[in-house]
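Working notes, beginning with the structure itself.
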Amino acid sequence: MARIGVSCPSWRATGPCPGPRQRPAALGLALALGLLLLLAAAAPRHWAAPPRAARRDERYLARAEELAATDTEDSSLNYGVVVDCGSSGSRVFVYFWPPHNGNPHDLLDIKQMRDRSSRPVVKKIKPGISAAAAAAPQRATPYLRPLLHFAAAHVPAQKHKETPLYILCTAGMRLLPERQQAAILEDLVQNVPLEFDFLFSKSHAEVISGKQEGVFAWIGINFVLGRFDHEDGLEEPREAAAGGSRGREKVPSQALPLPDTLLGVADEDAVVTVALGDQGESLVRKRTVGILDMGGASLQIAYEVPDSGAFPPQQEETAKSLLAEFNLGCDVQHTGHVYRVYVNTFLGFGGNFARQRYEELVLNQTFVHNRLHGQQTGLSPETPFLDPCLPMGLEDTVARSGQTLYVRGQGDWPGCVELLQPLLAGSNSSQDSLLGAYKAPIDFGNSEFYGFSEFFYCTEDVLRLGGRYSAHTFTAAAKEYCSQRWEVLTQRFRGGLYSAHADQHRLKYQCFKSAWMYQVLHQGFHFPLDYPSLRTAQLVYDREVQWTLGAILYKTRFLPLRDLRQESIRQAHASWLRLSFVYNHYLFFACILVVALAILLYLLRLRRIHRRQLRAAQLTRLWLDKVVVPPSQGKGP
């Protein structure tokens, strides 16, 4: 029996014939490459870090949006409440923030809540809690009830149980005995949770120290100015020996052109080298600003200390007590937000208290001089004491301990400055001394300061020099003001030439306070006369910055850990989904394309097999016709 075989026709044998299994493999490989190209082209690009200019522009837009009403319908927003229990009254502040953005280098984006009329959600009551509840601690909760009801009415009801409430008491409570402080706080801890659903515990009610208050104020102003924004590529750990000159480098500014009234824009790209403990490493990051705040009774200063140098042996304990080191970041293992801040408060060095000390000094010196020389200076209006710190021709009296001193303004500003020099050493009843107190070193070549309260009023209300401070310009304006006669100054006041906040008290003591501010700044804190980086301000970006903002930033610094963990889980899940070719409409389209191509290839293969079988059948029939002999032809004649 003959073997039947089929071979490729000679006209198709021009090259190696791909097998039936090789062709689908080649097509599958080409299809896989096409899918990879498709995925690369369709991959989302939103993971890429935005350029620095774009991030800065976003900050400016966010500052403008902060003035708009808070969208309480947004369920993703979080809220926080801080009650500032001061000496003269208490105020409640309501803050809000969106979920953390997932970047461990960024802090929570906390803003002050605004009502439907775009007004800040703030309420104040008088008197202070120390006066209202010192004798009866059970009155503490009823005293704060109006503030807490006010906050509860603005925070969405469904958010109350997850909204932290902090009740922080300051100077008034610090003056009370510890037993009374504890009784007042205990009443709040027990009774506030019975009436309100806020997240409130024993650790959320406390009497903060002056040092803490200064740190919170420092945190608040630097947060508003964006000095805690550590952009990619800026934060670089370095060896301490290699980072010495980096502190004065400037990053090229690509900010939007903004008016000079937006304080902090010009220097927001300045960087500083910060020493990290004793490990021999340093960190280059944004330079923070220091604050100077002069009230009526006290003077406060706070600024970052980049270098961890040695302390003077005789002042080591005092120096350590004036330095606060803390981590604002959510992860204690990260050093990017570790700050070392010098904070000091000088009681009796505020503008009003300094004037009282000055009057006592003048009265005592004048009476001693009269006894020694047998004179009658200041004992009658006809023989007044010529006060260099009052405007020319202003007549006034000073009364102390039953004694009265008649004074008349001399308007001698340089003489006033010289006469105030002894006051920097403090009074006999005070241990404070602006001259002898320890002050952490300030790099005046790479630093920046903001002056608030009396620093602003003294430069702006009458002299109209608020903003960037120039010692030369300020001195000339102060001399000119003091030398004017009192009648001229009051006429200018009635003509509206001064600030709307100026009053008769300001006009009367402007000469003295300008001289006192000058002495405090240049003799007390040793600021150079040509120091270019001091600004006096009342508002920053058109809003008042309270220490309560710094307090809630510090108190909630660990909250981003929750969002970071959720973000990590979400990203890991999303990564797995991307690897399994799901969770993307491009991949869904690609899957459909693969199925369609597979069906098409299968149909083409079936068709090719059918044609091959048909051709083989035709060849077999032709071979049989030519090879097999018909029976009729096999028989003989």
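Side-chain atoms are counted along with the backbone in the values below, which use heavy atoms only and exclude waters and symmetry mates.
G80 and W97 get closest at one heavy-atom pair: N-CZ3, 3.6 Å. Nearest approach of V341 to A302, heavy atoms of both residues: CG1-CB, 4.4 Å. Scanning all heavy atoms of the two residues, the minimum distance from S433 to F346 falls at O-CE2, 3.9 Å. Considering all non-hydrogen atoms of both residues, F198 and A151 come closest at CZ-C, 4.2 Å. Contact detail for I219 and G550: the closest heavy-atom pair is CG2-CA, 3.8 Å. Closest approach of V83 to L148, counting heavy atoms only: CG2-CD2, 4.2 Å.
When atom types are taken as modelled, the side chain of T335 and the backbone of V338 share no donor-acceptor pair closer than 3.5 angstrom. Checked by atom type and distance alone, the side chain of E454 never pairs as donor or acceptor with a backbone atom of M294 at under 3.5 Å. In terms of modelled atom types and a separation under 3.5 Å, the side chain of N344 and the main chain of L322 share no donor-acceptor contact. In this structure, K124 contributes its side chain and L147 its backbone to no donor-acceptor pair below 3.5 Å. Distance alone, capped at 3.5 Å, places no donor-acceptor pair between the D443 side chain and the D307 backbone. Counting only distance, with no hydrogens or angles, the side chain of K320 and the backbone of Q315 share no donor-acceptor pair below 3.5 Å. The backbone N or O of T141 sits nowhere less than 3.5 Å from a side-chain atom of N191 that would complete a donor-acceptor pair. Of the possible polar contacts, none joining the R340 side chain to the L323 backbone as a donor-acceptor pair under 3.5 Å is found. Not a single donor-acceptor pair under 3.5 Å links the side chain of H100 to the backbone N or O of L108. In this structure, S117 contributes its side chain and R119 its backbone to no donor-acceptor pair below 3.5 Å.
The side-chain hydrogen bond (donor to acceptor under 3.5 Å, both in side chains) search around S75 returns none, not counting sequence neighbours. Residues forming a salt bridge (Lys or Arg N to Asp or Glu O under 4.0 Å) with E195 (at least two apart in sequence, or on another chain): R145. Legend: residues meeting side-chain hydrogen bond (donor to acceptor under 3.5 Å, both in side chains) with Y531, ordered by chain and number and at least two apart, are S447. Qualifying ring-ring contact (aromatic ring centres under 6.0 Å, His included) partners for F326, counting only residues two or more places apart in sequence or in other chains: none. By the salt bridge (Lys or Arg N to Asp or Glu O under 4.0 Å) test, K202 is found to be paired with no residue, residues two or more places apart in sequence or in another chain being considered.
For the 3.5 Å distance criterion, the side chains of Q546 and E544 qualify, holding a donor opposite an acceptor. With 3.5 Å as the limit, one finds a donor-acceptor pair spanning the side chains of T459 and T536. S453 and D293 share a donor-acceptor pair across their side chains, judged by distance under 3.5 Å alone. With 3.5 Å as the limit, one finds a donor-acceptor pair spanning the side chains of S90 and Y143.
Under the 6.0 Å cut-off for aromatic ring centres, Y339 and F228 qualify, their centroids lying closer than that. Ring centroid separation for the pair Y303 and W218 does not come in under the 6.0 Å cut-off.
In this structure, E206 pairs ionically with K555, as a charged nitrogen and a carboxylate oxygen lie closer than 4.0 Å. Taking the charged nitrogens against the carboxylate oxygens, R116 and E73 have no contact shorter than 4.0 Å, which rules out a salt bridge. Salt bridge status for R227 with E448: present, with a side-chain N to carboxylate O gap under 4.0 Å.
Rounded to the nearest 0.5 Å, atoms CG (L165) and NE2 (H204) are 8.5 Å apart. Atom CG of L225 sits about 11.5 Å away from atom CZ of R287, to the nearest 0.5 Å.
Counting only residues at least two apart or in different chains, side-chain hydrogen bond (donor to acceptor under 3.5 Å, both in side chains) contacts with residues 156-179 comprise K159-E162.
Proximity of F196 to H149: side-chain heavy atoms (C-beta onward) are separated by under 4.5 Å at one or more points. Residues F93 and L549 form no side-chain contact, since every pair of their non-hydrogen atoms from C-beta on lies 4.5 Å or further apart.
Counting heavy atoms of neighbouring residues, nucleotides and ligands inside a 6.0 Å radius, atom CZ of R506 exceeds 12 of them.
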List the steps, then state whether side chain to side chain donor-acceptor pair (under 3.5 Å) holds for T548 with Y95.
CA-CA 10 Å; T548 52; Y95 297 96; 2.7 Å; yes

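A cation-pi arrangement is present between R557 and Y554 under the rule of less than 6.0 angstrom and at most 45 degrees off the ring axis.
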